[in-house]
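Residue numbers start from 1 in every chain, and the chains themselves are labelled A, B, ... in the order their sequence lines are given, proteins ahead of strands. Side chains included, hydrogens not; waters and symmetry mates left out as well; all remaining heavy atoms used.
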Amino acid sequence: MNIKVYSTPTCPYCKMAKQYLASKGFTYEDLDVSQDRGALEEMVRISGQMGVPVIVIDGEVVVGFDRARIDSLLPRNI
Amino acid sequence: MLKIYDLIILGAGPSGITASVYSARKKMDFLVITKDIGGQAAWSGDIENYIGYQFISGPQLVTKFEEHMRHFGIDIRMPEEVKEIFKDNDLVHTVTDKSEYISRTLIVATGKRPKELGIEGEREFKNRGVTYCATCDGPLFSGKIVAIIGGGNSALDAALQMVKISPLVYIINIGERLTADNVMVEKINSYPNVVIYNRTVVKRIYGDKFVKGLEVLRDDKLEDIALEGIFVEIGLIPNSDFAGILELNKDKEIIVDCTNRTNIEGIFACGDVTNVPEKQIIVACGEGAKASLSAFRYLYTHNW
C-alpha cells in the first residue's frame, strides 16, 4: 500500500486527512508542496487542480479530505 | 429507538469547542457534530488579540483548542453535515448527511463560510487558481502574480501573507478605501510589490486549464489583469441554511437573546452564526461558554 499526501503546513483539512490516516494505522509519505516545487508540479499534473490536500492511494487520486472516497480505497482491516 | 442526549453541539469552531469544554465539565451527556475543527480560526493567519497569546497563528491556536477539547474524551462526529433540525414533543431532532440524532437541548455553533463573488469563471476555476483560503493555498502561488479581492481584515491578512512570496499582489477593492484595521493598511503600504485598486469591480475570471487573468471595471473602463492566483476575501455568510425553524435576521444570522436562547425553547446558538455583534475569536469563545451554561440551566429547570 503506497499513500502520498500533498499538503501545506497551514491547511486544516491536510492535517485532518493525515490524522485520519494515522488513526487508521496507515503510514504515508508527506509532501509539503509549499517547500517542494517538484512535488507541487506533480500534484497539479496528477490532480489537474491547485487545492490541497491531494491524497494518492495506490495511484488513485483523491482531491480534498473526502473521507468516504479514502475509506473506499483503503483495505478494510490491517 | 434512538438514544436521547442531554445536548448536541453543532460545530467545532472556537464557540462550539468552548461550549463542549463547559458541557463536559458539567458532565452532560452530549455529542459534537461538525464538518471540521477550528472553523474560520483554522484559516486565520496571525492572531494578536486572543488574550494570553501576544502572537499565535490560527492553526496553532486551533491545535491548542483541540487538545483542550480532546482531553475530555468528547464524542465528536466528523466530518458530518447537518441538513435539518426540528422539534417534536420537547425533543430536538438533528438530521445529518449520515444519521439522525435526538436531544433535549441543541447548541448551534456552525459559524460562517466565505462569500462567493458570483461572477463568470469563479466556479469553473475554483481550485484552479481561485481560492477562498489564503492560509491553506497561499504557498502554492509562490513566485506568481496574484490578486486579493476585498478590502477588509481578511483580505489584508491574505495580502500580507502573499506579499512575502509573490512578485506582485493586486488588491481589488470595491469600496472607496480599504476598511481593514489601520495597522494592517500601514503594513501593506510598506511593501513595494502591492498595487491597490479601489472603486473597482471584478467582472470575469478567465483562463484555460488554470486561471490566466481577471477582467475588472475601473473608472468605467474594462481592464485586463494577467495573473495566476485569485484570493476571494469579500466577507462571510452564516451557515444557517438548515435552521429554517429558527428566527433569522436579514443577514441570515440566528437571532439570540443575551442568554443565547433562540426563538425555540431548548435551542441555543452562539458564535459567528448569531446576530451577536463583533465577530472575534474571543467573543465566540465567551458566547460558547454562555450557551453551554444556558443549556445546562434549561436542563435542570426542566427536571432532566
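Counting heavy atoms from C-beta outward, P12(A) and P59(B) have side chains that stay 4.5 Å or more apart. Between E228(B) and M50(A), every side-chain heavy-atom pair lies at or beyond the 4.5 Å cut-off. The closest side-chain heavy-atom distance from V44(A) to F210(B) is below 4.5 Å.
Sparse packing is recorded around NZ of K187(B), with 12 or fewer heavy atoms of other residues, nucleotides or ligands lying under 6.0 Å away. Environment of NZ in K64(B): sparse, with no more than 12 heavy atoms of neighbouring residues, nucleotides or ligands closer than 6.0 Å. Around NZ of K144(B), the count of heavy atoms belonging to other residues, nucleotides or ligands within 6.0 Å exceeds 12. The environment of K126(B) atom NZ is sparse: at most 12 non-hydrogen atoms of other residues, nucleotides or ligands sit within 6.0 angstrom. Heavy atoms of other residues, nucleotides or ligands lying less than 6.0 angstrom from CD of E48(B) number more than 12. Within a 6.0 Å radius of NZ in K212(B), no more than 12 heavy atoms belonging to other residues, nucleotides or ligands are found.
Distance check, rounded to the nearest 0.5 Å: NZ of K35(B) to OH of Y13(A) gives 5.5 Å. For the atom pair D36(B) CG and K15(A) NZ, the distance stands at 11.0 Å (nearest 0.5 Å).
With a 4.5 angstrom heavy-atom cutoff, E41(A) does not touch chain B via any of its atoms. Contact of E66(B) with chain A is made through the side chain alone, with heavy-atom distances under 4.5 Å. Contact annotation for F141(B): only side-chain heavy atoms (C-beta onward) come within less than 4.5 Å of a heavy atom of chain A. With a 4.5 angstrom heavy-atom cutoff, T131(B) does not touch chain A via any of its atoms. For S57(B), no part lies under 4.5 angstrom from a heavy atom of chain A. Neither the backbone nor the side chain of I165(B) comes within less than 4.5 Å of any heavy atom in chain A.
Of all the heavy atoms in M78(B) and R67(A), the pair that sits closest is O-NH1, 2.6 Å.
Of the listed residues S7(A), G51(A), P9(A), the one with more heavy-atom pairs under 4.5 angstrom with chain B than any other is G51(A).
With hydrogens and angles disregarded, no donor-acceptor distance shorter than 3.5 Å links the side chain of T8(A) to the backbone of D137(B). Using modelled atom types, no side-chain atom of T135(B) and backbone atom of T10(A) make a donor-acceptor pair closer than 3.5 Å.
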